[in-house]
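Lettering follows sequence order; numbering is per chain, from 1.
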Number of protein chains: 2
Amino acid sequence: MTAIQFDSHGVQSFIKEHEYEELKPQLAMAQQLLFEKKGAGSDYTDWVNWASNFNQQELQKIQRLAKKVQNQSKVLVVIGIGGSYLGAKMALDFMKSPWYNDLVEDGTKIYFAGNNLSAMALQQLLQVIGDQDFSVNVISKSGQTTEAALAFRFFKQALEERYGRDGAVDRIIATTDKEKGTLREEADTAGYETLVVPDGIGGRFSVLTAVGLLPMAVAEIDIEAVLAGAEKGEENYCSTDLSKNAALQYAASRRILYDKGYTTEILASWEPSLQYFAEWWKQLMGESEGKNLKGIYPSSANYSTDLHSFGQYIQEGRRDLFETVVRVDQVASDIDVPKTPENADGLAYLEGKTLDQVNQTAADGVAIAHVDGGVPNLVVRIAKQDEETLGELIYFFEMSVAISGYLFGINPFNQPGVEAYKTAMFALLEKPGYESESQIYKNRLKNI
Amino acid sequence: MTAIQFDSHGVQSFIKEHEYEELKPQLAMAQQLLFEKKGAGSDYTDWVNWASNFNQQELQKIQRLAKKVQNQSKVLVVIGIGGSYLGAKMALDFMKSPWYNDLVEDGTKIYFAGNNLSAMALQQLLQVIGDQDFSVNVISKSGQTTEAALAFRFFKQALEERYGRDGAVDRIIATTDKEKGTLREEADTAGYETLVVPDGIGGRFSVLTAVGLLPMAVAEIDIEAVLAGAEKGEENYCSTDLSKNAALQYAASRRILYDKGYTTEILASWEPSLQYFAEWWKQLMGESEGKNLKGIYPSSANYSTDLHSFGQYIQEGRRDLFETVVRVDQVASDIDVPKTPENADGLAYLEGKTLDQVNQTAADGVAIAHVDGGVPNLVVRIAKQDEETLGELIYFFEMSVAISGYLFGINPFNQPGVEAYKTAMFALLEKPGYESESQIYKNRLKNI
């Protein structure tokens, strides 16, 4: 049984059956590169069997530290950027609510910091936290990520002012490299509790490590069930049989569409609680594929919201778009369309229906309209938003992009382009080690 | 004086000066079509001189109703979708904070509803509002927008349960057509306070009408200053002199880049408070330009957040991207990088700097890196986030897209493609009037 139904009916007028058939040798090659660890970046493929080999000691430590945070604090500040932020935020929204912090009563609120450099955002977040008791989970493999390291300075200062030096140490959990890096050294010297960012898994694949799991556990998400879902993913999405492997079907569909000029993919959903799923997906796909001057551009849309925004473009703009819609069959709780005697608004025809039925029908209608408009439409359908499904869904997309990366002939696991702006930024900031570049970039700046 | 500095240095290696020169006849034509109301969709160009002709009675009514809401309620629920939502949300974030509802103390919180069809989102929002006193501003020109009309049914029901029928009527403000439509009829029959969605301004251009101004006024944003800023926009961005008109320069740059294959534009900013500015912009641009199978695809990025997400793609993916960065020179309040004696994190080189200085330098570095990577870089620079600037900025983008639309040879003011999904949805929902299409679409659904 798979928690995911992959539905490619909406690409039938764009891809013929024999095209999948003819792509099979490439799919086999991609799977071989991945599973035999012979492909580019194979040092970063430990996520493939991660859930089924999960270290039970680490799991118990995550659970213990989550309890500790819950007992100590009304607020957990999670400091991290990119993969050290998006996975936990996505899971929190998916399993709880975008309004989790407003709705949680006895539990621990979770705020994310260190994911930007805005002075206003930082000060406002400190105000929002106010005098609530808080703990900090700082996440950085090297400890040298500027955003996270800077934010950690601010929150460490706030912790020390509030709880004293020892009290601060007792409220910090560092998720970092198991032995090296500035954060590891600081944690060992100061005596912070620590969790491990493993070596063989890149940031964008790290949501099922301590990076994502600690914040999830603090929010009372059942992380063992999430891991069990990912294990299901291992069973379902490693098959070499295209007809049985939805991740392979998704990867193949994307590759074929790209070759035909569909170079932008919109990940869309019909639930606000999946908005950050799309943000997580944008990093996973964009950072894995966008290199060597190629790759599918990852974009996102929230329906029906964005149908009244750039929906016009999707329907009638340039025909280089395709969309992948994540649909949820059963919402956790539904609500009847209210009846009114007057029918002033002309909505009487919706009475007797639930709001979710209207939402689902709108999704059906949009699929037809977009296909008619020339937008290939893929659907990733899940029965419900629960932990097992989340784990399997994460694995589904991770496996898809790994295969897709090898289909594109690139290394899906590195991110060389991220260095370019860092070099420019460090040079302009006169970071030690960048002295020779500093003047060059300062001169460049005058002419840009 | 203009509040906006448009900086096109970052496209110098992509556009030569003579290209702007050679585009001048087209720019003149586009301006003529707009100002002489001879272009397609010219019935919807009242925004051009809207601020300078603002109806003073309507302004006073907005102010009076804002005071009434503030006195009555701790919460205003703004019901609307597309242009009836994005403008107010953008302004609230821009002028106050994305955490406005957490930070406002004696004022009125503002929640947005009716911008999706999610049963979960609606129920969670009702929970978040809880037992706080609330009023409702329902915004829909026709009253027939499904999302808004449905949400209004739910909130009207909640108001009536809480305050009785008369109490509910006293807490509803309908922003709608001045004389026709279901919401106008209902408002007149029931006795709601009303404000006007004008005829000559489409939804995506409506932020400076009562649509956007009432929620702004409830949040204590000085709407007269916003309008004064837009009036400055009228002075600054109607000039026929390309060298003096930044909106014209922006429109010209976009058109030239598009013709060279840069078909996706990323609106980026370095402040979380501008994230929804990009959402507002995506509707403005995408719905205006995305038709006849062409137009620039509107995308957005939040820096530095997304540099650690699809930043890799921007740096090294397909070279059909350009970016427009909205930069804020002076943040309302800055904060020093904390000093630590140990320098465990290696950030000592940032001590003595403020957080915003780091943010600004990162922005400089990214501009260089992206240009080097082959991404044309435009900058819209504002001194600060205040009301006048907001008004002028809105006008700047509205004027740019109007000119740009005529440069593309399309009608920038209609949205024919939005009907496609509505037809499919109404047919599937068996809405009266769609009986003949109903079975056709139901059969289609089986095969999609």
Practice prompt. Side chain from CB out, backbone as N, CA, C, O: work out which of these in A:E147 comes under 4.5 Å of a heavy atom of chain B, or both, or neither.
Written response: side chain
Practice prompt. Could you tell me which portion of B:S333 (side chain, backbone, both or neither) has an atom closer than 4.5 angstrom to a non-hydrogen atom of chain A?
Written response: both
Worksheet item: Where do B:A348 and B:N343 come nearest, in terms of heavy atoms and distance?
Response: N-OD1, 2.8 Å
Discussion item. Only pairs of heavy atoms separated by less than 4.5 Å count here; which of B:L307, B:D356, B:V331, B:V358 has the most with chain A?
Written reply: B:L307
Discussion item. What part of B:E279 gets within 4.5 angstrom of chain A, counting heavy atoms only: side chain, backbone, both, or neither?
Written reply: both
Response to the item:
Looking only at B:N292, B:V366, B:T263, B:V418, the option with the highest number of non-hydrogen pairs under 4.5 Å against chain A is B:T263
Discussion item. As a test of understanding, state which of A:Y111, A:F112, A:W280 forms a ring-ring contact (aromatic ring centres under 6.0 Å, His included) with A:Y85.
Written reply: A:F112
Worksheet entry | A:S309: which of B:I81, B:N115, B:L86 passes side chain to side chain contact (heavy atoms under 4.5 Å, CB included) | B:L86
Practice prompt. Would you mind telling me which of B:R153, B:Q283, B:M425 has the largest number of heavy-atom pairs within less than 4.5 Å of chain A?
Written response: B:R153
Practice prompt. Using non-hydrogen atoms and a 4.5 Å limit, figure out which bit of B:E351 sits close to chain A: side chain, backbone, both or neither.
Written response: side chain
Worksheet item: By salt bridge (Lys or Arg N to Asp or Glu O under 4.0 Å), which residues pair with A:D102, not counting sequence neighbours?
Response: none
Fill in: Test salt bridge (Lys or Arg N to Asp or Glu O under 4.0 Å) applied to B:K156 - qualifying residues, sequence neighbours left out
B:E186
Worksheet item: Run the side chain to side chain donor-acceptor pair (under 3.5 Å) check on B:Q127 and B:Q123 step by step: do they pass?
Response: CA-CA 6 Å; B:Q127 256 185 285; B:Q123 291 170 92; over 6 Å; no
Discussion item. Quick check for you: among B:S13, B:S304, B:A344, which has the greatest number of heavy-atom pairs under 4.5 Å with chain A?
Written reply: B:S304
Worksheet item: For B:I129, is it the side chain, the backbone, both or neither that has a heavy atom under 4.5 Å from a heavy atom of chain A?
Response: neither
